There are 2 protein chains.
Amino acid sequence: MTCTPTHLASQIQEHGFRLTRQRLAILNILYDSGGHLTPTEVFQRLHVLLPGVTEPTVYRNLDFLRQHGFIHATSTPSGRLEYQIVTHSHHHLTCKICGATIEFEDEHLQPLFARLEEMTGYHLSEHHVTFMGFCPQCKSKGE
Amino acid sequence: MTCTPTHLASQIQEHGFRLTRQRLAILNILYDSGGHLTPTEVFQRLHVLLPGVTEPTVYRNLDFLRQHGFIHATSTPSGRLEYQIVTHSHHHLTCKICGATIEFEDEHLQPLFARLEEMTGYHLSEHHVTFMGFCPQCKSKGE
DNA sequence: GTCCTTATTGTAACTTGTTGCAATAAGAAA
DNA sequence: TTTCTTATTGCAACAAGTTACAATAAGGAC
């Protein structure tokens with residue numbers, strides 16, 4: 001999957017969607033951040049670039065970009081969504097006691113995907129995955 | 001994991017937490033529904049049983065019960081959370097075109113859990129998993 | 001039963017996210 | 001370029017979810 005805003009912009013147009021200033025700015029913001037952003041964070045940065053832009057536009061575009069696979073959404077432990085440019089995807093595992101979070105690559109889920117596709121006949125295109133537990137340090141203390 | 005409201009109520013007290021009317025009513029509502037409920041749905045039903053109850057109490061209790069493992073939360077494709085009594089857990093795989101949803105048992109994720117625990121040293125206690133893709137019928141049509 | 005501690009609740013104000021609809025502007029066609 | 005179509009936007013009102021803090025009530029001690 002390609003990941004520069006320019007390339008994504010071309011793809012959006014090739015798919016017959018319109019490339020608006022708002023949409024392009026959101027792609028640039030996500031790309032420049034280099035990580036996860038909440039809709040509110042995107043809105044705050046977008047508001048600097050394009051002062052007239054409103055929240056619904058941010059939410060609608062994030063959802064649009066996600067639905068069509070141009071960006072990824074990951075769900076936080078509290079159930080909120082964070083968005084990022086699709087580069088190489090990763091997931092989080094958070095300690096419920098000390099909050100220590102480690103990341104693991106998407107590719108570790110590949111065997112699971114293959115198995116699910118085989119079982120169900122579906123072709124998988126999106127997934128939201130969050131894990132929580134106890135890190136080695138806190139594990140001994142129990143809950 | 002046990003799953004009747006009465007048993008869960010005992011567990012809550014054994015852990016040193018207080019068993020309030022609100023908390024017990026929420027457990028009963030989730031149990032009676034037999035499936036997933038959104039916080040709003042819980043609130044609407046709770047409002048009938050205990051007219052004075054407010055939204056923050058619902059959200060706080062659902063989060064409390066989830067954090068301590070008395071109930072499960074599953075994240076919907078749109079990023080919202082739905083709650084259910086812990087019986088045997090399952091997950092969803094939804095077609096992005098026709099919306100057809102199939103369920104698969106939690107146990108299919110067990111090999112993944114084992115692997116993650118081995119890799120990371122963490123003990124896993126919670127996970128939120130949602131998959132989307134294209135069902136066999138829609139798959140041929142492409143996206 | 002009464003008293004005490006404090007976890008839990010309700011209230012009010014707030015933030016975040018959504019929806020309907022008219023106005024706008026992107027992209028195609030002439 | 002100008003015109004046309006309609007996807008996308010901004011606006012306004014609303015729905016969902018959160019937070020701070022004082023009031024309440026659960027559960028233990030007596």
Side-chain angles (χ1 to χ4, degrees), chain A residues 5-6 8-27 29 36-68 70-71 73-83 128, chain B residues 5-6 8-27 29 36-68 70-71 73-83 128:
Chain A
T6 310
L8 288 171
S10 314
Q11 288 198 325
I12 287 171
Q13 288 182 312
E14 281 164 20
H15 281 250
F17 303 115
R18 293 185 183 172
L19 182 64
T20 61
R21 290 173 300 133
Q22 296 88 337
R23 199 164 274 173
L24 182 58
I26 289 175
L27 286 175
I29 287 168
H36 312 265
L37 291 181
T38 64
T40 302
E41 287 167 340
V42 171
F43 174 70
Q44 287 165 347
R45 302 183 189 199
L46 186 56
H47 198 69
V48 177
L49 298 176
L50 303 171
V53 177
T54 57
E55 282 98 341
T57 297
V58 171
Y59 287 104
R60 281 184 292 220
N61 268 310
L62 289 174
D63 200 50
F64 166 88
L65 292 169
R66 178 189 62 78
Q67 282 194 356
H68 294 89
F70 299 118
I71 64 176
T74 59
S75 53
T76 68
S78 61
R80 291 277 170 87
L81 287 182
E82 294 183 339
Y83 296 85
H128 308 159
Chain B
T6 310
L8 289 172
S10 314
Q11 288 199 326
I12 287 172
Q13 288 181 312
E14 282 164 21
H15 280 251
F17 304 114
R18 293 185 184 173
L19 182 64
T20 61
R21 290 173 298 130
Q22 295 87 336
R23 197 163 275 173
L24 183 57
I26 289 174
L27 287 174
I29 286 167
H36 313 266
L37 291 181
T38 64
T40 303
E41 287 167 339
V42 172
F43 173 71
Q44 287 165 347
R45 302 184 188 199
L46 186 56
H47 198 70
V48 177
L49 297 176
L50 302 171
V53 177
T54 57
E55 282 96 342
T57 297
V58 172
Y59 286 104
R60 282 184 293 220
N61 269 308
L62 289 174
D63 200 49
F64 165 89
L65 293 168
R66 179 189 62 78
Q67 281 192 358
H68 295 88
F70 300 117
I71 64 175
T74 58
S75 53
T76 67
S78 61
R80 291 280 169 84
L81 288 182
E82 293 183 339
Y83 297 84
H128 307 160

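Model, not experiment: these values are computed from the prediction. In the text below, chain A, chain B and the rest are named by the order of the sequence lines, each starting its count at 1.
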Expressed in angstrom and rounded to an integer, what is the separation of [X] atom [atom1] from [N] atom [atom2]?
X	N	atom1	atom2	answer
A:Arg18	C:dA26	CZ	P	9 Å
A:Leu50	C:dA25	CG	C1'	14 Å
B:Leu81	D:dG17	CG	P	9 Å
A:Arg21	C:dA26	CZ	P	6 Å
B:Phe64	D:dG17	CZ	C1'	20 Å
A:Asn61	C:dT19	CG	C1'	16 Å
A:Glu55	D:dA12	CD	P	13 Å
B:Tyr83	D:dG17	OH	C1'	10 Å

- Query: Hey, what do you get for CZ (A:Phe43) to CD1 (A:Ile29), rounding to the nearest 0.5 Å?
  - Reply: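 So the CZ of A:Phe43 and the CD1 of A:Ile29 are separated by 10.5 Å.
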
Out of [options], which nucleotide sits closest to the side chain of [X]?
X	options	result
A:Tyr59	C:dT18, C:dG27, D:dT8	C:dT18
A:Arg60	D:dA26, D:dA12, C:dC21	C:dC21
A:Thr57	C:dG27, D:dT9, D:dG17	D:dT9

Between [X] and [N], is there a side-chain N or O to OP1/OP2 distance below 4.0 Å?
X	N	value
B:Thr54	C:dT9	no
B:Gln22	C:dG10	yes
B:Thr40	D:dG17	yes

Margin query: Parallel, tilted or perpendicular, judged at 30° and 60°: which one describes the rings of A:Phe17 and A:His15?
Written below: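 Correct class here is parallel.
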
Mind checking whether B:His68 and B:Phe70 have parallel, tilted or perpendicular rings, split at 30° and 60°?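 Aromatic pair B:His68/B:Phe70 classed parallel.
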
Original post:
So what does A:Arg23 hit on the nucleic acid, given a heavy-atom distance under 4.0 Å: a base, only sugar-phosphate, or nothing?
Top reply: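 The residue A:Arg23 makes sugar-phosphate contact but no base contact.
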
Practice prompt. By nearest nucleotide on DNA chain C, pick out whichever of B:Pro56 and B:Phe17 is the more 5' one.
Written response: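 Its nucleotide being nearer the 5' end, the pick is B:Phe17.
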
Heavy-atom distance under 4.5 Å between the side chains of A:Tyr83 and A:Leu37, does that happen here?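 Contact flag for A:Tyr83/A:Leu37 side chains = no.
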
Any salt bridge linking B:Asp63 with B:Arg60? Criterion: basic side-chain nitrogen under 4.0 Å from a carboxylate oxygen.
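A salt bridge is absent here (no side-chain N lies under 4.0 Å from a carboxylate O).
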
